[in-house]
Amino acid sequence: MCFAGGGGIVGARPCVGMGGDDVFHVTTHAQLASAARHYEHDGADWLIARDARNFTPDGRRHQYRVVVLDGRVVRVVEHVQADPDAPCNESRGAVSAPLAAAELPRGLADLAIRAVACLGLPLAGVDLAAESGGVVFEVNVHPAFGRGALEQVAVPYVAAHLEPV
């Protein structure tokens, strides 16, 4: 395996996790071996994936979490992380700000809606990187709603399950 000339970063992460815990950037053999030892010690299954390259011009990580319910965007949160080696999660130091769906860069709302539809889900949280030309790098089947999401997400979701079809 050769890391030189790959032009990117690989992320190692647990198959089941939350909040960006136990996520590592891997650019060397030593980092890969260290991540593997960590997961082995914890008895966790893990995976590797190419980095989303979601960096702003000043080097901060940047992403959007777009919550889609029944084919429409119901919540958007922008995350900015000053530490380029840390995930874009509030629990890992990212600053998060709710946005109106109209504030998303062009095409990202449709991209999130299509990603959820492709998986046949009624509800999902889609993580998007605008800096990479608009890419989906994670779809969360059970998205954490966060603060302020009661009226935007939880109430419509519960109502959809209580009202007759």
Does the side chain of [X] reach to within under 4.5 Å of the side chain of [Y], using non-hydrogen atoms?
X: Y64; Y: V77; answer: no
X: V68; Y: L123; answer: no
X: R65; Y: N140; answer: yes
X: R106; Y: L108; answer: no
X: E131; Y: R53; answer: no
X: V26; Y: T28; answer: no
X: L119; Y: V139; answer: yes
X: V66; Y: L104; answer: yes

How long is the straight-line distance from [atom2] of [Y] back to [atom1] of [X], given to the nearest 0.5 Å?
X: D70; Y: L121; atom1: CG; atom2: CG; result: 11.0 Å
X: R37; Y: D42; atom1: CZ; atom2: CG; result: 13.0 Å
X: H29; Y: Q31; atom1: NE2; atom2: CD; result: 11.0 Å
X: Q81; Y: F55; atom1: CD; atom2: CZ; result: 10.5 Å

Can you name the closest pair of heavy atoms from [X] and [Y] and give their distance?
X: F137; Y: L128; value: CE2-C, 3.6 Å
X: D22; Y: R92; value: N-NH1, 4.1 Å
X: V73; Y: A101; value: CG1-CB, 3.9 Å
X: H62; Y: T56; value: CB-CG2, 3.6 Å
X: A124; Y: V116; value: CB-CG2, 3.6 Å
X: A94; Y: C88; value: CB-C, 3.7 Å

Notebook entry, point to check: Among side-chain atoms of H79 and N89, is any donor-acceptor pair under 3.5 angstrom?
Noted result: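 Per modelled atom types, H79 and N89 side chains form no pair under 3.5 Å.
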
Item checked: Joint hydrophobic cluster, L111 plus V135, side-chain heavy atoms closer than 4.5 Å ->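 No, because L111 and V135 fall into different hydrophobic clusters, even though each may have its own neighbours under 4.5 Å.
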
